[in-house]
Amino acid sequence: GVRVPPTFSETATRGAVAFNATCAACHGINGAGTDAGPPLVHRIYEPSHHSNYAFQIAVASGVRAHHWRFGDMPPQRGLTQAEVADIIAYVRELQRENGIE
């Protein structure tokens with residue numbers, strides 16, 4: 001399972017709310033993945049491979065499936081860039097807690 005840090009930054013705490021509302025349906029609670037979408041707490045999504053900008057683009061424009069067989073990710077409407085930045089902070093803090101940096 002995904003280890004969760006004992007505390008999150010204020011930014012990541014906001015990101016957790018937005019993540020749970022928009023992303024968790026496919027990417028799972030704490031970014032652990034589901035049958036509908038890949039885990040984000042995974043080495044493939046470490047910052048050196050998928051930058052914060054890549055996450056912003058994925059949310060805004062969608063992304064073609066290339067690492068996984070879940071199909072293409074559609075754009076996620078209704079999130080501001082600031083909200084996506086909060087979500088990224090949340091995902092990055094989860095990743096760090098799980099040894100992905």
Side-chain angles (χ1 to χ4, degrees):
V2 172
R3 289 190 310 279
V4 177
T7 59
F8 285 101
S9 68
E10 185 178 328
T11 303
T13 298
R14 285 193 312 268
V17 173
F19 182 93
N20 289 333
T22 304
C23 316
C26 292
H27 289 292
I29 299 300
N30 300 318
T34 70
D35 290 343
L40 297 178
V41 179
H42 189 286
R43 293 218 176 271
I44 282 177
Y45 297 106
E46 68 189 2
S48 64
H49 190 81
H50 284 85
S51 68
N52 291 357
Y53 183 68
F55 278 99
Q56 285 279 3
I57 294 298
V59 172
S61 302
V63 66
R64 292 182 60 121
H66 54 288
H67 289 298
W68 310 94
R69 296 176 187 249
F70 294 101
D72 298 342
M73 177 180 152
Q76 299 300 301
R77 305 289 180 218
L79 287 172
T80 66
Q81 286 187 342
E83 287 167 327
V84 176
D86 292 346
I87 290 168
I88 293 165
Y90 170 67
V91 170
R92 295 302 188 203
E93 290 181 28
L94 285 167
Q95 287 175 334
R96 280 195 293 278
E97 183 69 18
N98 288 273
I100 299 166
E101 299 195 46

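Numbers for residues simply follow the sequence, beginning at 1.
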Can you see which heavy atom on [X] is nearest to which on [Y], and at what distance?
| X | Y | answer |
| --- | --- | --- |
| P39 | A32 | CB-O, 3.4 Å |
| C26 | T34 | O-OG1, 2.6 Å |
| I44 | H50 | O-ND1, 2.7 Å |
| G71 | A65 | O-CB, 3.4 Å |
| N98 | G1 | OD1-O, 4.3 Å |
| P38 | Y45 | CG-OH, 3.6 Å |

(request) Consider only side-chain N and O atoms of N30 and Y90, and report whether a donor and an acceptor are under 3.5 Å apart. (result)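 N30 vs Y90: donor-acceptor pair found between side chains.
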(message) Between R92 and N52, is there a side-chain donor-acceptor contact under 3.5 Å, judged purely by atom types and distance?
(response)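 Yes, because at least one side-chain N or O of N52 sits under 3.5 Å from a partner of the opposite role on R92.
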(message) I want to check something: taking the side chain as every heavy atom from C-beta on, are V59 and I87 in contact at a cut-off of under 4.5 Å?
(response)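 Contact flag for V59/I87 side chains = no.
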(message) I want to check something: taking the side chain as every heavy atom from C-beta on, are T22 and L79 in contact at a cut-off of under 4.5 Å?
(response)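 Yes, side chains in contact.
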Under the 3.5 angstrom rule, does the side chain of [X] hit a backbone N or O of [Y] as a donor-acceptor pair?
| X | Y | result |
| --- | --- | --- |
| T11 | D86 | no |
| E97 | L94 | no |
| Q95 | L40 | yes |
| H49 | P47 | no |
| E101 | G99 | no |

Any chance you could measure [X], atom [atom1], to [Y], atom [atom2], to the nearest 0.5 Å?
| X | Y | atom1 | atom2 | answer |
| --- | --- | --- | --- | --- |
| S61 | Q76 | OG | CD | 11.5 Å |
| D72 | H66 | CG | NE2 | 10.5 Å |
| R43 | S48 | CZ | OG | 9.5 Å |

(request) Tell me, yes or no, whether the heavy-atom count around D35 atom CG, taken from other residues, nucleotides or ligands under 6.0 Å, exceeds 12. (result)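 Atom CG in D35 is not crowded, with 12 or fewer foreign heavy atoms closer than 6.0 Å.
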(request) Kindly work out whether a path of hydrophobic side-chain contacts (I/L/V/M/F/W/Y, heavy atoms less than 4.5 Å apart) joins W68 to I57. (result)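 As far as the 4.5 Å side-chain criterion goes, I57 and W68 are not connected within one cluster.
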(message) Under 6.0 Å between ring centres: does that hold for H27 and H42?
(response)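 Ring-ring flag for H27/H42: false, centres at least 6.0 Å apart.
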